[in-house]
J.: 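Below are the structure tokens for one structure; questions will follow.
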Amino acid sequence: MPFDLLGDRQRTHTCGELRKSHAGARVFLAGWVARRRDLGNLIFIDLRDHTGITQVVCRPEMSATAHARAEEVRPEYVLGVEGEVVLRAPETVNRQLATGEVEVVAHTILLLNEAKTPPFPIEDDSKTAEETRLRYRYLDLRRSRMQHHLRLRHRAAWVARQHLSAHGFVEIETPFLTRSTPEGARDYLVPSRLHPGHFYALPQSPQLFKQILMISGFDRYFQIVRCFRDEDFRADRQAEFTQVDIEMAFPQREVLFDIIERLMEQLFALIGAPIARPFQRLPYHEAMEKYGSDKPHLGFGLEWKRVSLPPEAQFKIQVADPIKALRVPGWSEAPRSQLDKLQEVAKSAGADWFGYARVLAGQLESPLSKVLGDEAVGALTSAAEAAPGDLVLLLGLKTASSGPAFGLPVHLARHLDEASGEVRLEVARRLNLIRPGTWNFAWVVDFPMFEFNQKEGRYQPMHHPFTSPREEDLDRLESDTAGVRARAYDLVLNGSEIGGGSIRIHRPDIQHRIFKIIGLTEEKARERFGFFLDALEYGAPPHGGIALGWDRIIALMCGETNIREVIAFPKTASGVDLMCDAPSAVEPEQLEELGLEIRRQ
RNA sequence: GGGGACGUAGUUCAGCUGGUUAGAACGCAUGCCUGUCACGCAUGAGGUCGCGGGUUCGAGUCCCGUCGUCCCCGCCA
């Protein structure tokens, strides 16, 4: 079938643009065929571009050639349509279409390209296996939902650049081909042709570069930058992901927080969501106790309390002290099946002791009463501040030791907290307390500086080894390592960590003490970070910053739970790009040139 | 590395305790149709049931293995 040439014709309007006021205008539209309705001598074509759909009418008495063309047309063919905008008769107006009051009577139809039948319809509500969508990503992206997501992402980036520029931040690019600095995630490695046996690493983040830019006097830096981590993927984790990386010299935490909060305000204005500032500041320990998470969802109440069991009760049920109690308002009638499910959640999350009490008017109903007695159970429900009509959930860890003193070691206390967090979310889901369209921001602050790695028998930084301890904790670095708090903070939104950062170490002496505590020898430190340690010696200013998880933020703004929905060309959970089939084998010559040999498994 | 779910027509799915020729809807093709907008009507094409092996007279269905996709745990300073 012969194609038509576009020539020097230009679109006069987009497909979502025409209104009543355009009636009588001669227009030239171009787009894809969304649908064709062929009534014989009368043919309607829905012409689509990213702005919308316009109905094109073809009749032989207006243009026999245009009508003949329209008969050949199939979905996703690319057309140019020259014609006249006419008002639709009142009874044929389509209210569902923004352009539904008019239509374009075709004088000429240019067939610019044909198209194979797509493997799935180019519509928003078509549910198609993600595998197929990813294989034909170019068609998937043609759908208006994906168009919306990526265009919103663009506008968000634009807002971020404007906002940060306005606050004096300078966008500077840092290398993608850099050196491997292990500790933390696995690196993606890139072999060097000019230096056989040597490798670049793709950056897990521009952490060291941005600190060096502070040392260089760039004061305030930012970058919307790709980061790479060779770890297993999740719904909210990809091999390559995007951060808004921010760093400032002479930082005051609150100044940084304010800049970020205002950025969030402007970003969420893009979706018409008002944001309340300032955000709540939540100390890590409080977050863990109340919400059982360092990224709590604060959109509903449900706060756990650590409560003590009477010593004789500890003895009877062999549960470590303290346990945790959660008041669930108004759920005293919770069905047994729901409670069983919660118990399952608790156990699979690692809390092996689960109990509950229904607080009724003037009495308690609890399977624990038989073992502990009404009085002890009553003490627990009142510690949970439960009122009649409430349900109290109890969570604990069983202990093997006997006797009255069942203290809970720190790492086990964290297990219990994390289990309580799982149970809390499950309760919220079951009671339908999680409301979409509400935005609960919080800063989680005062993280511990270190956590003890049981397997390796050493402390490791909870954030990263360049995070500064709180100034008042400096003296206790070595003596009370576990108790030292970091000047680190996370930005949390609706139960997602959407950013994290810290005030950094700017003094070489403190940096060396930290390396020592985490078991990094002087030689290893020099080998990995020598260039950075050198830089610290030349007048590093106090500095700090944050990195925002851009994909997650955009996903939340788009109402998506999966960041693949806001990334143009994402990979599957096994790191495969289904469209271009990466990773792939390479030519033996390429390996030869790089001095690499593949060992067959 | 571990756990769970899924894999049948181009797409989304159904297919019972194993039984003759594997179905539906949408899509696609052809024809008819001058006011449709999920157009309608008629006719038709389209399947190595992910792959390999096993059990059985007989496997889409049962068993073992394998591959792929999704979710979760581990991991992600």
Side-chain angles (χ1 to χ4, degrees), chain A residues 34-48 53-62 67 70-71 74-76 86 88-97 99-100 103 105 116-123 125-136 139 181-187 204-205 207-208 227-239 241 345 348-350 418 422 447 449-451 453 455-456 458-467 486 488 497 500 502 514-515 518-520 528-529 547 549 561-562 564 571-576 578 581:
Chain A
R35 250 198 186 86
R36 187 186 64 139
R37 290 175 295 280
D38 184 349
L39 278 66
N41 269 327
L42 180 65
I43 299 177
F44 297 99
I45 293 173
D46 287 344
L47 196 66
R48 181 198 64 229
I53 284 178
T54 298
Q55 175 164 278
V56 176
V57 195
C58 310
R59 1 165 153 257
E61 64 267 27
M62 286 303 300
H67 182 267
E71 283 186 315
R74 296 290 177 271
E76 301 313 311
V86 300
R88 294 200 197 184
E91 67 275 15
T92 62
V93 164
N94 185 345
R95 299 269 160 224
Q96 280 145 17
L97 232 50
T99 61
E103 59 196 1
V105 176
K116 290 165 75 171
T117 302
F120 49 84
I122 314 300
E123 290 165 0
D125 47 6
S126 87
K127 39 176 190 165
T128 306
E130 201 176 354
E131 198 174 343
T132 314
R133 292 178 52 204
L134 290 178
R135 184 156 284 131
Y136 300 92
L139 295 178
T181 54
E183 183 84 20
R186 292 185 192 88
D187 286 322
Q204 295 174 24
S205 80
Q207 183 61 34
L208 293 177
C227 304
F228 307 86
R229 290 178 194 174
D230 188 4
E231 295 292 344
D232 290 357
F233 312 132
R234 288 288 174 77
D236 61 353
R237 290 193 330 228
Q238 280 270 307
F241 60 98
V345 169
S348 69
E418 284 167 359
E422 295 295 322
F447 280 84
M449 184 77 183
F450 303 99
E451 55 192 340
N453 186 324
K455 249 186 287 176
E456 296 176 27
R458 65 177 180 100
Y459 283 101
Q460 61 187 38
M462 195 147 169
H463 190 51
H464 58 52
F466 314 105
T467 296
E497 180 195 329
S502 63
I514 299 298
F515 281 155
I518 63 174
L520 198 60
R528 287 178 192 175
F529 311 115
T561 53
N562 195 309
R564 287 190 298 269
K571 293 172 179 48
T572 67
S574 61
V576 173
L578 290 173
D581 205 21

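Naming convention: chains lettered A, B, ... in sequence-line order (proteins, then strands); numbering from 1 in each chain. Quantities reported herein were computed from a predicted structural model and do not represent experimental measurements.
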J.: Answer yes or no: is there a side-chain heavy-atom contact under 4.5 Å between A/Ile43 and A/Glu71?
T.: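 Of all side-chain heavy-atom pairs linking A/Glu71 with A/Ile43, at least one is under 4.5 Å.
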J.: By nearest atom, which of the nucleotides B/U34, B/A38, B/C75 is closest to the A/Gln96 side chain?
T.: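 Nearest nucleotide to the side chain: B/A38.
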J.: Evaluate side chain to side chain contact (heavy atoms under 4.5 Å, CB included) for A/Arg133 paired with A/Leu578, printing each intermediate quantity in order.
T.: CA-CA 9 Å; A/Arg133 292 178 52 204; A/Leu578 290 173; over 6 Å; no
J.: Examine the base of B/C37 for any acceptor or donor lying under 3.5 Å from a partner atom in the side chain of A/Arg88, and report the outcome as yes or no.
T.: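 Such a pair exists between side chain and base.
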J.: Applying side chain to side chain donor-acceptor pair (under 3.5 Å), can you list everything that pairs with A/Thr572, at least two apart in sequence or on another chain?
T.: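 Testing A/Thr572 for side chain to side chain donor-acceptor pair (under 3.5 Å), a comparison that skips the adjacent residues, returns A/Ser574.
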J.: Could you walk me through whether A/Lys571 and A/Val576 pass side chain to side chain contact (heavy atoms under 4.5 Å, CB included), step by step?
T.: CA-CA 5 Å; A/Lys571 293 172 179 48; A/Val576 173; over 6 Å; no
J.: For A/Thr181 and A/Gln204: C-alpha separation, side-chain torsions, deciding distance, then whether side chain to side chain contact (heavy atoms under 4.5 Å, CB included) applies.
T.: CA-CA 9 Å; A/Thr181 54; A/Gln204 295 174 24; 5.7 Å; no
J.: Can you check the distance between B/C62 and B/G18, where both ends of the measurement are the C1' atom (answer in whole Å)?
T.: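 Rounded to whole Å, the distance is 8 Å.
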J.: Determine which nucleotide pairs with B/A22, using a 3.5 Å limit on both distances of a Watson-Crick or G-U wobble pair.
T.: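 Pairing partner, where one exists within any strand: none, as none qualifies.
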J.: A/Asp46 or A/Glu418: which one's nearest nucleotide on RNA chain B is closer to the 5' end?
T.: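 Final value for this comparison: A/Asp46.
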J.: Can you pull every protein N or O that's under 3.5 Å from an N or O on nucleotides 68-71 of chain B?
T.:
residue : atom : partner  : partner atom : Å
B/G68   : O2'  : A/Glu131 : OE2          : 3.0
B/U69   : OP1  : A/Thr572 : OG1          : 3.1
B/U69   : OP1  : A/Ser574 : OG           : 3.2
B/U69   : OP2  : A/Ser574 : OG           : 3.0
B/U69   : O4'  : A/Glu131 : OE1          : 3.2
B/C70   : OP1  : A/Ala573 : N            : 3.2
B/C70   : OP2  : A/Ala573 : N            : 2.9
B/C70   : O3'  : A/Arg564 : NH2          : 3.1
B/C71   : OP1  : A/Asn562 : ND2          : 2.6
B/C71   : OP1  : A/Arg564 : NH2          : 2.9

J.: Expressed as a whole number of Å, how far does the P atom of B/C26 sit from that of B/U69?
T.: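 32 Å, rounded to whole Å.
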J.: Within the stacking criterion (centroid distance below 5.5 Å, interplanar angle below 30°), does A/Phe120 stack on B/U11?
T.: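 Base of B/U11: not stacked against A/Phe120.
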J.: By side chain to side chain donor-acceptor pair (under 3.5 Å), which residues pair with A/Arg88, not counting sequence neighbours?
T.: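 Here no residue qualifies.
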J.: Rounded to whole angstroms, how far apart are CZ on A/Arg229 and C1' on B/G74?
T.: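 These atoms are roughly 17 Å apart.
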J.: Using OP1 and OP2 only, check whether a side-chain N or O of A/Arg74 sits under 4.0 Å from B/A29.
T.: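 For B/A29, OP1 or OP2 has a side-chain N or O of A/Arg74 closer than 4.0 Å.
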J.: What is the nucleic acid contact for A/Thr561, judged by heavy atoms within less than 4.0 Å: base, sugar-phosphate only, or nothing?
T.: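 Result for A/Thr561 = nothing.
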J.: If the condition is salt bridge (Lys or Arg N to Asp or Glu O under 4.0 Å), which residues does A/Arg229 pass it with, not counting sequence neighbours?
T.: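 With neighbours one apart ignored, the set is empty.
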J.: Would you say B/C76 has OP1 or OP2 under 4.0 Å from some side-chain N or O of A/Gln238?
T.: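 Checking B/C76 against A/Gln238, no side-chain N or O comes under 4.0 Å of OP1 or OP2.
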J.: Whole Å only: how far is the CZ atom of A/Arg36 from the C1' atom of B/G40?
T.: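 From A/Arg36 CZ to B/G40 C1': 14 Å.
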J.: What is the distance from CG of A/Leu39 to P of B/U34, rounded to the nearest Å?
T.: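 Between P of B/U34 and CG of A/Leu39: 8 Å.
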J.: Any chance you could measure A/Arg48, atom CZ, to A/Glu76, atom CD, to the nearest 0.5 Å?
T.: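 Reported to 0.5 Å precision, the distance equals 4.0 Å.
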J.: Answer yes or no: is there an ion pair linking A/Glu123 with A/Arg35, defined by an N-O contact shorter than 4.0 Å?
T.: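 Yes.
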J.: Rounded to whole angstrom, note down the P distance from B/G1 over to B/G46.
T.: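 Their P atoms lie roughly 43 Å apart.
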J.: Measure from the side-chain heavy atoms of A/Arg237 and tell me the nearest of B/U34, B/U11, B/G74.
T.: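 In terms of side-chain proximity for A/Arg237, the closest of B/U34, B/U11, B/G74 is B/G74.
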J.: Send over the distance from A/Asp38 CG to B/C32 C1', rounded to a whole Å.
T.: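 From A/Asp38 CG to B/C32 C1': 10 Å.
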J.: Do the side chains of A/Asp232 and A/Arg237 get close enough for a salt bridge, i.e. N-O under 4.0 angstrom?
T.: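 No, this pair does not count.
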J.: Find out whether A/Ile514 and A/Phe450 are in side-chain contact, i.e. whether some heavy atom of one side chain is under 4.5 Å from a heavy atom of the other.
T.: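 Result yes, sub-4.5 Å side-chain heavy-atom pair found.
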J.: Hunt down the Watson-Crick or G-U wobble partner of B/U66, both distances under 3.5 Å, from any strand shown, or write none.
T.: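 Check on B/U66: paired to B/G50, both distances under 3.5 Å.
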J.: Does a side-chain N or O of A/Arg37 approach OP1 or OP2 of B/C39 to a distance below 4.0 Å, or not?
T.: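 So the side-chain polar atoms of A/Arg37 do come within 4.0 Å of the phosphate oxygens OP1 or OP2 of B/C39, strictly under.
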J.: Counting only Watson-Crick or G-U wobble pairs whose two distances fall under 3.5 Å, which nucleotide matches B/G40?
T.: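 Per the H-bond distance test, B/C32.
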J.: How far, in whole Å, is B/G50 from B/A59 if one measures between their P atoms?
T.: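 About 15 Å, rounded to a whole number of Å.
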J.: Between B/G40 atom P and A/Leu42 atom CG, what is the distance in whole Å?
T.: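 So the two atoms are 15 Å apart, to the nearest Å.
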J.: Begin with the C-alpha distance, continue with both residues' side-chain angles, and end with the deciding distance and a verdict on side chain to side chain contact (heavy atoms under 4.5 Å, CB included) for A/Gln55 and A/Ile53.
T.: CA-CA 7 Å; A/Gln55 175 164 278; A/Ile53 284 178; 6.0 Å; no
J.: Using the P atoms only, state how far B/G31 lies from B/C67, rounded to an integer number of Å.
T.: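 Nearest-Å result for B/C67 against B/G31 at atom P: 48 Å.
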J.: Could you work out the separation of B/C63 and B/C41 based on their P atoms and round it to a whole Å?
T.: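 The answer is 43 Å between these two P atoms.
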J.: Detail all sub-3.5 Å separations between protein N/O atoms and N/O atoms belonging to nucleotides 41-44 of chain B.
T.:
none

J.: Expressed as a whole number of Å, how far does the C1' atom of B/U61 sit from that of B/G7?
T.: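 Pairwise C1' distance, B/U61 against B/G7, rounds to 14 Å.
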J.: Using a 4.0 Å heavy-atom cut-off, does A/Thr92 contact any base of the nucleic acid, only the sugar-phosphate backbone, or nothing at all?
T.: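 Touches a base.
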J.: Provide the distance between the two P atoms, one in B/G4 and one in B/C64, to the nearest whole Å.
T.: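 That atom pair is separated by 12 Å.
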J.: Side chains of A/Ile518 and A/Pro461, heavy atoms from C-beta outward: is any pair under 4.5 Å?
T.: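 The answer is yes, as the side chains (C-beta and beyond) meet within the 4.5 Å cut-off.
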J.: Please pick, from B/C75, B/A29, B/C39, the nucleotide with the shortest atom-to-atom distance to any side-chain atom of A/Glu231.
T.: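 Closest of the options to the side chain of A/Glu231: B/C75.
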J.: Nearest-Å distance, CZ (A/Arg35) to C1' (B/G40)?
T.: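 One finds 14 Å between C1' of B/G40 and CZ of A/Arg35, rounded.
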J.: When all nucleic acid strands are considered with a 4.0 Å heavy-atom cut-off, which category describes A/Pro121: base, sugar-phosphate, or nothing?
T.: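 A/Pro121: no heavy atom of the nucleic acid under 4.0 Å.
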J.: Between A/Thr117 and A/Phe466, which residue's closest nucleotide on RNA chain B lies nearer the 5′ terminus?
T.: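 Checking each residue's closest nucleotide, the 5'-ward one belongs to A/Thr117.
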J.: How close or far is atom C1' of B/C39 from atom CG of A/Asn41, stated in whole angstroms?
T.: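 Atom-to-atom, A/Asn41 to B/C39, this comes out as 16 Å.
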J.: Mind checking A/Ala89 for me? I need base, sugar-phosphate or nothing, with any heavy atom below 4.0 Å counting as a touch.
T.: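 Since no nucleic acid heavy atom lies under 4.0 Å of A/Ala89, the category is nothing.
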J.: Can you check each nucleotide of nucleotides 1-7 of chain B against protein heavy atoms at under 4.0 Å and return B for base, S for sugar-phosphate only, - for none, in 5' to 3' order?
T.: B------
J.: Could you give the distance from CG (A/Asn94) to CD (A/Glu103), rounded to the nearest 0.5 Å?
T.: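 Here the rounded value is 10.5 Å.
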J.: Between atom CD in A/Glu103 and atom C1' in B/C39, what is the gap in whole Å?
T.: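 Nearest whole value for this atom pair: 15 Å.
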J.: Check the orientation of A/Tyr136 and A/Phe120. Use parallel for under 30°, tilted for 30 to 60°, and perpendicular for over 60°.
T.: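 The rings of A/Tyr136 and A/Phe120 stand perpendicular, inter-plane angle above 60°.
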